[in-house]
Protein chains: 2
Amino acid sequence: MGNESGQSFCTNAEWMGRAHCDKCHIRQLMLFSELPDTAFEHLLAPIDHFLYPPGSVLYEAGTHKPFIYSIRRGMVKLVHAAQDGSNRIVRLLGNGSAIGLELLDGSKSYHHTAIAVNQVDLCKIPVSTVRQLESEHPALCKHVGKQLQDQLNIADQWIVALGTGAARQRVAQLVLVLEEFFSEDNGAFILLNREDMAAMTGIAVETVSRIVAEFKRQKILYRFKDNFYMCNVAALQELSRYG
Amino acid sequence: MGNESGQSFCTNAEWMGRAHCDKCHIRQLMLFSELPDTAFEHLLAPIDHFLYPPGSVLYEAGTHKPFIYSIRRGMVKLVHAAQDGSNRIVRLLGNGSAIGLELLDGSKSYHHTAIAVNQVDLCKIPVSTVRQLESEHPALCKHVGKQLQDQLNIADQWIVALGTGAARQRVAQLVLVLEEFFSEDNGAFILLNREDMAAMTGIAVETVSRIVAEFKRQKILYRFKDNFYMCNVAALQELSRYG
DNA sequence: CGAGGGGTTGACGCCGATCAAAGCTGGTGG
DNA sequence: CCACCAGCTTTGATCGGCGTCAACCCCTCG
């Protein structure tokens with residue numbers, strides 16, 4: 001079952017301690033950007049900071065723990081499990097994204113299962129804390145809205161790019177997404193395993209493998225180091241359009 | 001080009017006059033639910049009320065008029081036009097939904113083209129008015145967030161239900177969506193034309209037609225009156241799962 | 001060294017895209 | 001009132017892409 005095999009790790013998640021939002025060096029990227037430092041002085045419930053290994057299940061669809069999560073670093077996949085046992089990856093989120101926001105809208109449970117794709121560094125924020133901060137600082141509401149709008153844009157792109165066209169076009173689009181949103185400073189990105197790529201595009205694993213292997217042979221996609229890859233963006237854009 | 005042929009109507013849109021939000025009988029369904037009546041006394045820019053015939057283009061992707069829209073009654077499709085000329089319908093929205101919200105998040109232009117599917121009754125709200133109301137009534141921010149969360153849920157459902165599985169499963173899911181979200185009091189719903197159904201599911205028009213015709217022969221789907229249809233929900237749910 | 005998990009490749013058959021043509025239906029004009 | 005037309009729907013025939021089953025390779029780990 002792919003990365004889910006790491007599920008046993010989730011109890012081993014390394015607790016990094018209480019978060020110090022007022023001293024957070026990446027706060028401008030996060031949900032609490034623009035809140036004043038003083039906003040965090042009298043929180044009723046603590047914000048904790050965790051490091052999860054790849055494959056960890058952050059939460060499961062249908063369950064209800066009163067936390068949302070803000071991703072500091074790493075990739076998280078939101079998975080929908082169909083009744084026939086197959087999985088579909090609905091969204092892939094990275095640095096600065098917040099997940100579990102459906103709880104703020106009154107949903108009693110998470111809508112998806114959230115799984116760490118690589119090592120994930122995140123803050124776990126009690127819903128009650130968000131509500132407290134929202135009431136004291138209405139600006140936070142807008143940032144939640146911005147998160148939702150961003151995710152809506154991603155979902156729309158998913159429908160258009162990964163849900164349409166021939167298999168080769170979809171895989172090309174997927175690689176472009178990885179390159180654009182998940183590459184490191186050097187432009188290299190982690191190539192997901194074939195099962196995850198299949199679950200994102202709605203294509204059979206073998207077909208994905210064939211196409212990826214073809215891209216590698218054509219040098220459109222090539223290993224940079226370890227599991228990091230680089231790609232020929234122009235060639236992939238051409239493929240994603242015409243095939 | 002299907003309903004887009006009605007594009008010429010858009011200049012004929014019937015202006016129904018200034019909206020009277022304080023007297024609106026369906027405000028509890030709309031964006032401005034829970035705002036006090038007094039909120040609308042000193043608006044800088046007016047809210048107008050329109051009636052659009054089927055096929056009207058409400059706005060086009062990439063353009064930027066400073067308005068969002070709140071749908072009082074009717075169905076609107078959000079369309080993404082691919083560079084190869086094909087269209088993909090990204091979302092179908094109905095009574096109580098707001099569209100064009102991306103403008104509130106700072107987007108310079110609409111992300112999709114919005115087209116009336118049937119007769120659409122809506123309010124056209126200047127962005128400046130929303131901002132004014134938001135600053136005076138922070139609660140409005142939450143309602144915008146709720147709209148976004150709703151649309152995100154719809155987009156996720158779209159990915160899972162209409163972007164996955166065999167053609168027959170997708171068409172079954174689509175009919176169920178129409179039945180669930182767009183049926184009248186009597187349980188009958190408008191069956192979209194085949195081209196729109198194809199653009200929603202990513203299937204060829206002929207294949208959709210074959211499957212719909214098959215459903216009709218099996219009496220799983222039958223005409224109620226005019227273009228209104230009814231369906232056997234249980235049978236379609238079975239089909240949507242196993243095929 | 002063997003076991004196991006992922007990735008790659010081959011063979012085959014079916015689903016669905018495509019091209020083509022024939023019903024249907026509602027609207028228009030004689 | 002009927003003939004005609006245009007657009008949509010339905011159906012047929014054909015073919016290629018991709019899902020499926022299966023084997024094999026490669027790498028890691030015990």
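All chains are named by letter (A, B, ...) in the order of the sequence lines, taking the proteins before the strands, and each is independently numbered beginning at 1.
- A donor-acceptor contact under 3.5 Å is not formed by the side chain of A:Glu206 with the base of D:dC18.
- The only option from B:Ile211, B:Thr207, B:Val212, B:Ile203 that meets the side chain to side chain contact (heavy atoms under 4.5 Å, CB included) definition with B:Arg194 turns out to be B:Val212.
- The ring pair (Phe, Tyr, Trp, His ring centres under 6.0 Å) with A:Tyr59 is formed by just one residue from the set A:Phe67, A:Tyr52, A:Tyr69; it is A:Tyr69.
- One atom, CG of A:Asp226, and another, P of D:dC27, lie 14 Å apart when rounded to the nearest Å.
- Of the listed nucleotides (D:dT10, D:dC18, C:dT9), D:dC18 has the atom at the smallest distance from the side chain of A:Thr207.
- Straight-line distance from the CE atom of A:Met197 to the P atom of D:dG19: 14 Å, rounded to whole Å.
- Straight-line distance from the CD atom of B:Glu214 to the C1' atom of D:dT10: 13 Å, rounded to whole Å.
- At a cut-off of 3.5 angstrom, counting only N and O atoms as typed in the model, there is a donor on one side and an acceptor on the other between the side-chain of B:Arg210 and the base of C:dT18.
- Separating the CG atom of B:Asp196 from the P atom of D:dG7 is a distance of 17 Å, rounded to the nearest angstrom.
- In this entry the distance linking CG of B:Leu191 with C1' of D:dC8 reads 13 Å, nearest Å.
- The side chain of A:Ala204 approaches D:dG19 more closely than any other nucleotide in the set C:dA17, D:dG19, D:dT9.
- Listed nucleotides: C:dT9, C:dG16, D:dC18. Nearest to the side chain of B:Ala167: C:dG16.
- Note: CZ (B:Phe215) to C1' (D:dT9) measures 16 Å, nearest angstrom.
- Nearest heavy-atom pair, A:Leu162 versus A:Arg88, reported as atom, atom and distance to 0.1 Å: O-NH2, 4.2 Å.
- At the heavy-atom level, A:Arg170 lies nowhere under 4.0 Å from the strands shown.
- Between B:Arg168 atom CZ and C:dC14 atom P there is a gap of 15 Å when expressed in whole angstrom units.
- Proximity of A:Lys216 to the phosphate of C:dG7: no side-chain N or O atom is located under 4.0 Å from OP1 or OP2.
- The side-chain hydrogen bond (donor to acceptor under 3.5 Å, both in side chains) test with A:Asp156 is passed by exactly one of B:His112, B:His111, B:Gln151: B:His112.
- Between A:Ser209 and C:dG7, a side-chain N or O to OP1/OP2 separation shorter than 4.0 Å is absent.
- Rounding to whole angstrom units, CZ of residue B:Arg194 and P of C:dT18 are separated by 19 Å.
- The pair B:Asp121-B:Arg73 does not meet the salt-bridge criterion, since no charged nitrogen lies less than 4.0 angstrom from a carboxylate oxygen.
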